[in-house]
Amino acid sequence: NKSVTVVVYNARSVSRDEYIRLPLLHANYELIDLTTGQHLPLTFLDTNPAIKQLNSEALPVEGVFRASLPALGYASYRLQHATHPQHSISLSHTYPSTDITVQSELYTVLFDGKTGAMRSITNKQSGETADYLTASFMEYESSGGDTESRQTSGAHIFRPAENDAKEVAPPVLTKHLVGEQFTEIWQTYGEWASLVTRVYVDKPYIEVEWVVGPLPADQGREVVLRYQTNMITKERFYTDSNGREMVQRRFNEESAEPVSGNYYPVTTRATLLDETTGMQLTVLTDRAQGGASLAEGQMELMVHRSTLQDDERGIGEEQRDDLVVKGRHWLYYSRFDMMAEQRVLGQEMFYKPTVALTLDQIPQQPSQTYSGTSVDNKYINVATIINVDYSGDVFTYLLRLENITPRMEGGQPITVDMGEVFNGKTLVEFEEKGLAGDRPIESVVDDMDQYTRYDTGNMITLQPLQIRTFFATYKPRTEEVGVTDRLKDLVCKFFIDC
């Protein structure tokens with residue numbers, strides 16, 4: 001029955017609104033924004049049974065709220081017990097007799113009323129619809145070697161016994177939850193795979209949360225989550241190169257391994273393009289995965305695997321995996337000319353908010369909210385901040401600033417004021433270095449006049465997809481020194497052992 005202080009940190013250099021999920025014992029709680037003193041809506045729902053497979057000690061209830069987070073900063077909230085909580089929301093559990101239509105600001109999404117399977121998605125801005133859009137779990141049986149090759153599927157090698165994947169199990173709709181801020185569709189696929197599809201009212205993506213495992217040990221299995229559409233893709237799809245440029249991948253019919261020979265690394269996202277409609281479907285991942293497009297309008301991503309034989313590549317044992325794996329995909333369906341937004345979503349997926357909790361009251365908290373930067377441009381990523389020197393009353397940081405949009409996706413040069421990178425600090429001086437930060441920029445650039453032609457004073461310009469590295473020295477303003485010291489004391493006292 002104690003109050004809990006919830007501090008949510010945003011590592012992105014742009015302010016954002018994010019939905020935060022808290023595990024709870026029951027629904028008798030209310031949430032207060034400590035910045036404004038106002039009660040916030042707190043939505044309660046039962047914990048998905050699949051999560052309890054992942055963690056047997058998972059609490060029975062989830063509380064969901066929308067946090068408004070400042071750029072490179074934090075916001076504070078208080079979760080407190082209440083017999084009659086204010087602004088609490090319970091999701092309604094409906095049993096549909098017909099197909100389910102879910103609306104958000106950007107999409108109309110149609111689900112099958114019997115199975116819960118996604119059927120189509122319509123972008124309201126363009127009016128275009130991706131029909132027959134389905135997400136399903138498929139599995140390949142691991143190869144133990146055959147007449148063509150003795151190579152087995154193992155820890156290092158993906159080699160299926162057959163080229164056709166089989167459906168894990170038919171989907172079963174277990175819950176349809178409707179709330180003011182989001183709708184959830186829960187499905188199970190047999191005994192060891194489940195899917196939750198979430199449509200947030202104010203988000204430009206559809207979230208697909210998957211839980212897979214533990215895999216049965218009767219055979220080697222390679223489990224994929226396959227997205228099928230009616231998009232005309234001409235046997236092509238696109239994957240990112242370490243989260244930056246997109247690379248076109250063509251299906252190679254002549255590969256000796258038609259399945260694994262057409263798999264590619266997907267670091268942050270993969271995209272299907274339909275030139276006939278001018279639309280694209282991007283799947284953003286929360287981790288690096290293997291992916292392929294083995295048929296027209298189709299994309300699949302590897303989510304789990306367990307093999308029974310060693311692939312003779314050095315590990316000396318089979319890859320038996322009895323783990324339960326949980327992950328998320330975000331689906332973004334838009335016109336070609338809106339593709340730059342997928343990069344913003346990629347940043348949001350990668351820089352997930354960090355949530356810190358303490359049962360203790362924090363009476364000396366210097367500020368209930370704090371923003372560390374004034375850059376606040378969604379296409380600028382403050383990729384690296386390292387404090388490399390503290391001499392007296394000044395701090396020297398290694399900074400890497402990135403323009404995340406390529407020119408082919410509408411990226412434009414963006415100017416950043418180095419004096420506004422940090423709030424509460426005055427710029428003393430800065431010097432640009434090579435990308436690694438280990439040598440002067442003059443030693444790696446031939447024509448400095450051309451390179452810096454758009455820079456003036458403290459204003460530096462980042463070209464599309466450009467990353468620039470600086471050593472920058474700042475002097476904290478008087479009011480900032482006390483706040484910084486008290487923040488450090490609080491973090492060391494309540495959250496980490498300093």
Side-chain angles (χ1 to χ4, degrees), residues 98-138 165 167 171 173 176 182-185 187 195-210 224-240 246 248-249 251 266 268-285 289 291-301 328-346 349 409:
T98 59
D99 287 348
I100 306 166
T101 301
V102 181
Q103 303 282 351
S104 72
E105 293 178 359
L106 183 59
Y107 301 122
T108 298
V109 189
L110 184 65
F111 295 87
D112 187 288
K114 294 182 178 179
T115 65
M118 201 182 326
R119 293 181 57 182
S120 69
I121 176 174
T122 300
N123 183 298
K124 293 180 180 180
Q125 292 179 347
S126 68
E128 293 289 342
T129 299
D131 286 319
Y132 311 106
L133 172 60
T134 60
S136 56
F137 286 108
M138 311 293 289
E167 187 176 31
L173 174 63
H176 171 215
F182 58 90
T183 296
E184 294 193 356
I185 306 291
Q187 297 170 278
L195 212 60
V196 175
T197 305
R198 296 189 183 98
V199 182
Y200 292 99
V201 171
D202 56 349
K203 290 296 183 182
Y205 57 78
I206 298 165
E207 182 171 278
V208 178
E209 183 179 272
W210 45 269
V224 302
L225 185 52
R226 176 177 290 176
Y227 298 96
Q228 180 68 57
T229 75
N230 68 337
M231 298 175 70
I232 300 173
T233 56
K234 300 179 180 179
E235 298 186 332
R236 293 175 295 184
F237 83 124
Y238 298 78
T239 65
D240 67 303
M246 300 296 286
Q248 184 186 108
R249 311 294 193 181
F251 181 75
V266 177
T268 64
R269 60 193 175 275
T271 298
L272 296 174
L273 296 182
D274 187 337
E275 296 178 359
T276 63
T277 61
M279 299 296 289
Q280 61 89 28
L281 175 68
T282 295
V283 179
L284 295 113
T285 66
Q289 296 177 289
S293 179
L294 303 177
E296 189 74 359
Q298 183 190 99
M299 184 194 315
E300 65 183 45
L301 293 160
R328 292 184 303 163
H329 292 158
W330 287 354
L331 309 186
Y332 176 63
Y333 181 62
S334 74
R335 301 190 307 268
F336 286 177
D337 58 6
M338 297 295 292
M339 283 188 67
E341 297 305 309
Q342 64 167 270
R343 294 183 175 272
V344 176
L345 293 179
M349 174 72 90
E409 295 177 14

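Heads up: numbering here begins at 1 and tracks the sequence.
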Step-by-step side-chain hydrogen bond (donor to acceptor under 3.5 Å, both in side chains) determination, Thr282 to Arg269 = CA-CA 7 Å; Thr282 295; Arg269 60 193 175 275; over 6 Å; no
Apply side-chain hydrogen bond (donor to acceptor under 3.5 Å, both in side chains) to the pair Ser293 and Gln298, showing each step before the final yes or no.
-> CA-CA 5 Å; Ser293 179; Gln298 183 190 99; over 6 Å; no
How long is the span from the CG atom in Leu281 to the OH atom in Tyr227, to the nearest 0.5 Å?
-> 9.0 Å
Show the numbers, then the answer: is there a side-chain hydrogen bond (donor to acceptor under 3.5 Å, both in side chains) between Ser334 and Gln280?
-> CA-CA 6 Å; Ser334 74; Gln280 61 89 28; 2.7 Å; yes
Looking at side-chain heavy atoms only, is the closest gap between Arg343 and Glu409 below 4.5 Å?
-> yes
Give the intermediate values and the outcome of side chain to side chain contact (heavy atoms under 4.5 Å, CB included) for residues Ile206 and Trp330.
-> CA-CA 5 Å; Ile206 298 165; Trp330 287 354; over 6 Å; no
Do Asn123 and Met338 touch side chain to side chain, with heavy atoms closer than 4.5 Å?
-> no
Going by heavy atoms in the side chains, are Met349 and Thr268 under 4.5 Å from each other?
-> no
Are the side chain of Asp240 and the backbone N or O of Met246 linked by a donor-acceptor pair below 3.5 Å?
-> no
Summary of side-chain hydrogen bond (donor to acceptor under 3.5 Å, both in side chains) pairs that have at least one residue in residues 127-138, sequence neighbours excluded = Thr122-Thr129
Side chains of Leu301 and Val283 in contact at under 4.5 Å (non-hydrogen atoms) = yes
Report the C-alpha distance between Thr229 and Asp274 in whole Å, list the side-chain angles of each, state the deciding distance to 0.1 Å, and finish with yes or no for side chain to side chain contact (heavy atoms under 4.5 Å, CB included).
-> CA-CA 11 Å; Thr229 75; Asp274 187 337; over 6 Å; no
Heavy-atom donor-acceptor pair, Lys234 side chain to Leu273 backbone, under 3.5 Å = no
Salt bridge Arg328-Glu209, side-chain N to carboxylate O under 4.0 Å = no
Whether over 12 other heavy atoms sit under 6.0 Å from Lys124 NZ | yes
Checking Gln125 side chain against Leu106 main chain: does a donor-acceptor pair fall under 3.5 Å?
-> no
Checking Glu105 side chain against Pro204 main chain: does a donor-acceptor pair fall under 3.5 Å?
-> no
Is it true that a side-chain atom of Glu184 and a backbone atom of His176 form a donor plus acceptor pair closer than 3.5 Å?
-> no
With side chains defined as the heavy atoms from C-beta onward, is the minimum distance between Val109 and Thr197 less than 4.5 Å?
-> no
Given side chains that start at C-beta, do those of Tyr107 and Tyr200 come closer than 4.5 Å, heavy atoms only?
-> no
Whether Thr183 side chain and Val199 backbone form a donor-acceptor pair below 3.5 Å = no
